[in-house]
Student: 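Take this structure, written in structure tokens, and hold onto it; I'll ask about it next.
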Amino acid sequence: MLFRSLAVTLPQAGNLGGGGFLMVWDPRSRRAHALDFRETAPRRVRPELYLRPDGSVDPRRTTDGLLSVAVPGSVAGLLEAQQRFGRLSRAQVLAPAVALARDGIVVDSWLAGSLAQAAPRLRRDPAAAAVYLHPEGRPYRVGERLRQPDLAATLARLARQGPDGFYRGPFATALAALMARGGGLIDQADLAAYRPRWRDPVGTSFAGLTVLSMPPPSSGGVTLVLLLHLLEPLDLAGMGLNSAAAIHWMVEAMNLAYRDRNALLGDPDGGPLPVAALTDRAYADRLRATIDPQRHTPADRLGPPPLAPGGGGENTTHLSVADRDGGLAALTTTLNLAYGSGIAVPGTGVLLNNEIDDFTIVAGAPNAFGLRQGDRNGIAPGRRPLSSMTPTLVLDAEGRGWIATGSPGGSRIITTVLQVLLNRLRHGLNLAGAVAAPRLHSQQWPDAVRLEDGFSPDTRRLLLERGHRLDDGPAMGSRSEEHTSEIQSHSDLVCRLLL
């Protein structure tokens, strides 16, 4: 229910025109369920559509305009989850969002700032400007009311018709017509063919607990497990939270894990992936032995992963939900960049994603988040692009749901989730402290450590002496949007799992 409301109140990232992943812990069956509703490439897609004459990737085509849009999965996925696990009817779940869109929301300072920043982009699309800019053509100001009657009608149709209200009928016709007029690729056959997929979670034990996360086409779970295995034998607590020694080990582990992520992972429906090998502790032991404990290894000296590829923004939304029975849900969704493609389907109030940029168009070419990915993530009809979204669950020693976590943040999602877990499970911080502690990020390329505010000058100096290049950046994981839930054995939880 809350997520549908975010489609109204958080247009930057809350969405109907994007996709995502969901992890659910069902205490009755004592099983975890992973739902993949990632967007898919249209059946008419071809890599050459996104290239300049010289063969390089044209980022305008992968991030702006109708060519950048992949087939949305959010509606199908969320309604699938609601049907399987929900306790309320579809109409009850959607009613608050319908009312918010119809009656309007009062614009606060955060939304006003977001809309002002996005205004130049939104103005390029008449349908998006009609929804998100004031009738005078300017961004909405604090205290004004933003009404979205077309979105209310779309949500009401979903309440009546379910997925058919999006993937068939008037909405599908409107989206296909927009694509045909503007040179996009999605047609009604693409929409009718879309299906979410239930997949087997990836997981491991860590500090006596069970960590469960999302499998490919999310790279989050596999990379998180590899990072936990790389770091588990180390005395991070003894080194000290955010000490230079601990950061050095974390950065070197991150670079190795992202190297393997980028080269070896993609859509599992496109061919076998080495998930079992990447999540094997023996493999982490081999990688850990290559880390110099005192000096940074430059990115260009890491070499390729010692595995075969087969075999064994910022604008993303994460919600964590716990119910009184011990159920957990970790949900991460995205439009990719802020406001996605910046294009709305006329008459529907729905913003469209720009997820094509998450595919590999040319191996090694950086995408909008600086990730240099390989052929395993190559674009092809029906494929789902590799993602960093990392909805994650932790079970206690008795196998009961304990933590649900995740984050927005593009390529920094995985390292944000990692640090929240390490802060809680290794350094003993409570969840508030675990989320609030300053964070860092490294992903091999660019060869630099991104640091939030809050790291001491001495720590910075020691990292520089070890050969690290440091870049300052804003907060990672956008704490205003990040939600982490923990169930203690005697908590009186008032939330119900209303997916």
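This structure is a prediction, so every number in the text was calculated from the model and none was measured.
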Student: Between Ser407 (side chain only) and Ile413 (backbone N and O only), is there a donor and an acceptor less than 3.5 Å apart?
Tutor: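 No, Ser407 side chain to Ile413 backbone: no donor-acceptor pair under 3.5 Å.
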Student: Give the intermediate values and the outcome of side-chain hydrogen bond (donor to acceptor under 3.5 Å, both in side chains) for residues Asp54 and Ser56.
Tutor: CA-CA 6 Å; Asp54 65 0; Ser56 63; 2.7 Å; yes
Student: Check for a donor-acceptor pair, side chain of Asp267 on one end and backbone N or O of Pro217 on the other, with a separation under 3.5 Å.
Tutor: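 Flag not set: sc Asp267 to bb Pro217 has no pair under 3.5 Å.
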Student: Report yes if some heavy atom in the side chain of Leu264 is under 4.5 Å from a heavy atom in the side chain of Pro305; otherwise report no.
Tutor: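 The answer is yes; the side chains approach within 4.5 Å.
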Student: In sequence, state the C-alpha distance, the side-chain angles, and the governing distance for Leu224 and Val417, and then conclude on side-chain contact (heavy atoms from CB on, under 4.5 Å).
Tutor: CA-CA 8 Å; Leu224 177 66; Val417 172; 4.1 Å; yes
Student: May I ask you to check whether over 12 heavy atoms, not counting those of Asp453, lie within 6.0 Å of atom CG?
Tutor: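 For Asp453, atom CG is not crowded (no more than 12 foreign heavy atoms under 6.0 Å).
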Student: Do Val420 and Thr392 have side chains that approach each other closer than 4.5 Å (heavy atoms only, starting at C-beta)?
Tutor: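 Sidechains of Thr392 and Val420: no contact.
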Student: side-chain contact (heavy atoms from CB on, under 4.5 Å) for Leu212 and Leu395? Distances and angles first, verdict last.
Tutor: CA-CA 8 Å; Leu212 301 167; Leu395 311 181; 4.0 Å; yes
Student: Treating Thr223 as the side-chain partner and Ser219 as the backbone partner, does any N or O pair qualify as donor plus acceptor under 3.5 Å?
Tutor: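 At least one qualifying donor-acceptor pair exists.
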Student: Begin from the C-alpha positions of Arg138 and Glu144 and carry the test salt bridge (charged side-chain N to carboxylate O under 4.0 Å, His left out) through to its verdict.
Tutor: CA-CA 12 Å; Arg138 57 171 173 79; Glu144 294 181 330; 2.8 Å; yes
Student: Looking at side-chain heavy atoms only, is the closest gap between Asp260 and Leu265 below 4.5 Å?
Tutor: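 Heavy-atom side-chain distance check fails, nothing below 4.5 Å.
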Student: In terms of side-chain geometry, is the basic nitrogen of Asp471 or Arg469 positioned less than 4.0 Å from the acidic oxygen of its partner?
Tutor: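 Yes, Asp471 and Arg469 are salt-bridged.
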Student: Is NZ or CZ of Arg426 both nearer than 6.0 Å to the six-membered ring centre of Phe206 and within 45° of the ring axis?
Tutor: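 Checked: cation-pi criterion met.
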Student: With rounding to the nearest 0.5 angstrom, report the OG1 to CD1 distance, Thr210 to Ile403.
Tutor: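 The OG1 atom of Thr210 sits 12.0 Å away from the CD1 atom of Ile403.
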Student: Can you see which heavy atom on Ser114 is nearest to which on Gln12, and at what distance?
Tutor: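 The answer is OG-OE1, 3.3 Å.
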Student: Is there a side-chain hydrogen bond (donor to acceptor under 3.5 Å, both in side chains) between Arg281 and Thr204 once you walk through the steps?
Tutor: CA-CA 9 Å; Arg281 291 180 186 277; Thr204 190; 3.1 Å; yes
Student: Should we count CG of Asp375 as having more than 12 external heavy atoms under 6.0 Å?
Tutor: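 No, the 6.0 Å shell around CG holds no more than 12 heavy atoms from other groups.
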Student: Is the shortest distance from a Lys or Arg side-chain nitrogen in Arg288 or Asp285 to a carboxylate oxygen in the other one below 4.0 Å?
Tutor: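 Looking at Arg288 and Asp285, the cut-off is met.
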Student: Using a 4.5 Å cut-off on heavy atoms from C-beta on, say whether the side chain of Pro438 contacts that of Asn242.
Tutor: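 In short, these two side chains touch, coming nearer than 4.5 Å.
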Student: Between the side chains of Gln373 and Arg261, is a donor N or O closer than 3.5 angstrom to an acceptor N or O?
Tutor: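 Arg261 and Gln373 do have a side-chain donor-acceptor pair below 3.5 Å.
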Student: Side-chain contact, heavy-atom cut-off 4.5 Å: Leu278 with Leu307?
Tutor: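 Leu278 reaches Leu307 side chain to side chain.
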Student: Nearest 0.5 Å please: distance from the CZ atom of Arg412 over to the CE atom of Met254.
Tutor: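 Answer rounded to 0.5 Å: 12.5 Å.
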Student: Are the aromatic rings of Tyr258 and His441 close, with centres under 6.0 Å apart?
Tutor: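 Yes - the distance between ring centres of Tyr258 and His441 falls below the 6.0 Å cut-off.
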Student: Provide the closest heavy-atom pair for Leu429 versus Ala434 in the form atom of the first, atom of the second, distance.
Tutor: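 Taking Leu429 first and Ala434 second, the nearest heavy atoms are CB-N, 3.8 Å.
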Student: Can you confirm whether Met214 sits close enough to Val202 that some side-chain heavy atom of one is under 4.5 Å from a side-chain heavy atom of the other?
Tutor: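 No - every pair of side-chain heavy atoms lies 4.5 Å or more apart.
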Student: Does a side chain donor of either Thr297 or Asp292 reach within less than 3.5 Å of an acceptor in the other side chain?
Tutor: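 No, because no side-chain N or O of Thr297 sits under 3.5 Å from a partner of the opposite role on Asp292.
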Student: In Å, rounded to the nearest 0.5 Å, how long is the span from CG of Leu241 to CG of Leu422?
Tutor: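 Answer for the CG-CG pair, Leu241 versus Leu422, is 9.5 Å.
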Student: Is the closest side-chain heavy-atom distance between Ser341 and Val69 below 4.5 Å?
Tutor: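 Yes; the side chains approach each other to less than 4.5 Å.
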Student: Just verifying a value: how many Å separate Leu470 CG and Ile247 CD1, rounded to the nearest 0.5 Å?
Tutor: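 Separation between the atoms: 9.0 Å.
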Student: Check this for me, if you would: do Arg121 and Asp64 make a salt bridge, where the nitrogen-to-carboxylate-oxygen distance has to be below 4.0 angstrom?
Tutor: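 Judged by the 4.0 Å cut-off on N to carboxylate O distance, Arg121 and Asp64 do form a salt bridge.
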Student: Which residue, Leu35, Thr332, Leu393, Thr405, forms the side chain to side chain contact (heavy atoms under 4.5 Å, CB included) with Met23?
Tutor: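 The single option meeting the side chain to side chain contact (heavy atoms under 4.5 Å, CB included) with Met23 is Leu393.
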Student: Determine whether Ile414 and Leu227 make a side-chain contact, defined as any pair of heavy atoms from C-beta on separated by less than 4.5 Å.
Tutor: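 Side chain of Ile414 against side chain of Leu227, heavy atoms only: contact under 4.5 Å found.
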Student: Indicate yes or no: does Arg384 engage Asp36 in a salt bridge with an N to O separation below 4.0 Å.
Tutor: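 Judged by the 4.0 Å cut-off on N to carboxylate O distance, Arg384 and Asp36 do form a salt bridge.
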Student: Determine whether a donor-acceptor pair (N or O, by modelled atom type, separation under 3.5 Å) exists between the side chain of Asn353 and the backbone of Gly18.
Tutor: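 Not confirmed, Asn353 side chain does not pair with Gly18 backbone.
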Student: To the closest 0.5 Å, what do you measure between CG (Leu328) and CH2 (Trp25)?
Tutor: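 The CH2 atom of Trp25 is 9.0 Å from CG of Leu328, to the nearest 0.5 Å.
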Student: Check whether the side chains of His318 and Thr316 place a donor and an acceptor atom closer than 3.5 Å, and report yes or no.
Tutor: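 No.
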Student: Is there a donor in the side chain of Thr63 and an acceptor in the side chain of Asn354, or the other way round, less than 3.5 Å apart?
Tutor: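 No, because no side-chain N or O of Thr63 sits under 3.5 Å from a partner of the opposite role on Asn354.
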Student: Show me the pairs that pass salt bridge (charged side-chain N to carboxylate O under 4.0 Å, His left out) and involve residues 354-364, at least two apart or across chains.
Tutor: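 Listed once each, the pairs are Arg38-Glu355, Arg38-Asp358.
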Student: Given Asp58 and Arg60, is the salt bridge (charged side-chain N to carboxylate O under 4.0 Å, His left out) satisfied, shown in steps?
Tutor: CA-CA 5 Å; Asp58 185 346; Arg60 294 172 302 174; 3.2 Å; yes
Student: Where do Arg450 and Met476 come nearest, in terms of heavy atoms and distance?
Tutor: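 The pair with the smallest heavy-atom distance is O-CE, 3.6 Å.
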Student: Tell me whether Thr333 contacts the main-chain N or O of Gly19 through its side chain, where contact means a donor paired with an acceptor under 3.5 Å.
Tutor: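 No; zero donor-acceptor contacts below 3.5 Å.
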Student: Looking only at atom types and distance, does a side-chain atom of Ser243 sit under 3.5 Å from a main-chain N or O of Gly240, one as donor and one as acceptor?
Tutor: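 Flag set: sc Ser243 to bb Gly240 pair under 3.5 Å.
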Student: Looking only at atom types and distance, does a side-chain atom of Ser218 sit under 3.5 Å from a main-chain N or O of Gly220, one as donor and one as acceptor?
Tutor: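 At least one qualifying donor-acceptor pair exists.
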Student: Between the side chain of Arg376 and the main-chain N/O of Gly271, is any donor-acceptor distance below 3.5 Å?
Tutor: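 The answer is yes, because a donor-acceptor pair under 3.5 Å joins these two groups.
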Student: Glu232 side chain to Leu228 main-chain N or O, any donor-acceptor pair under 3.5 Å?
Tutor: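 Absent.
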Student: For a side-chain contact (heavy atoms from CB on, under 4.5 Å) check, start with the C-alpha distance between Val449 and Leu451, then their side-chain angles and the critical distance, and finish with the verdict.
Tutor: CA-CA 6 Å; Val449 184; Leu451 298 175; 3.9 Å; yes
Student: I'd like to know if the side chain of Asn15 pairs up with that of Tyr339 as donor and acceptor (distance under 3.5 Å, no hydrogens or angles considered).
Tutor: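 Side-chain D/A pair, Asn15 to Tyr339: absent.
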Student: Assess whether side-chain contact (heavy atoms from CB on, under 4.5 Å) is satisfied between Phe21 and Leu331, documenting all intermediate values.
Tutor: CA-CA 6 Å; Phe21 302 115; Leu331 169 72; over 6 Å; no
Student: Hey, does the side chain of Asn336 reach the backbone of Gly340 with a donor-acceptor pair shorter than 3.5 angstrom?
Tutor: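 No.
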Student: Crowded around Asp200 CG? As in, over 12 foreign heavy atoms under 6.0 Å?
Tutor: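 Open.
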Student: Going from NE2 on His296 to CD1 on Ile291, what distance comes out if it is rounded to the nearest 0.5 angstrom?
Tutor: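 It is 11.5 Å, given to the nearest 0.5 Å.
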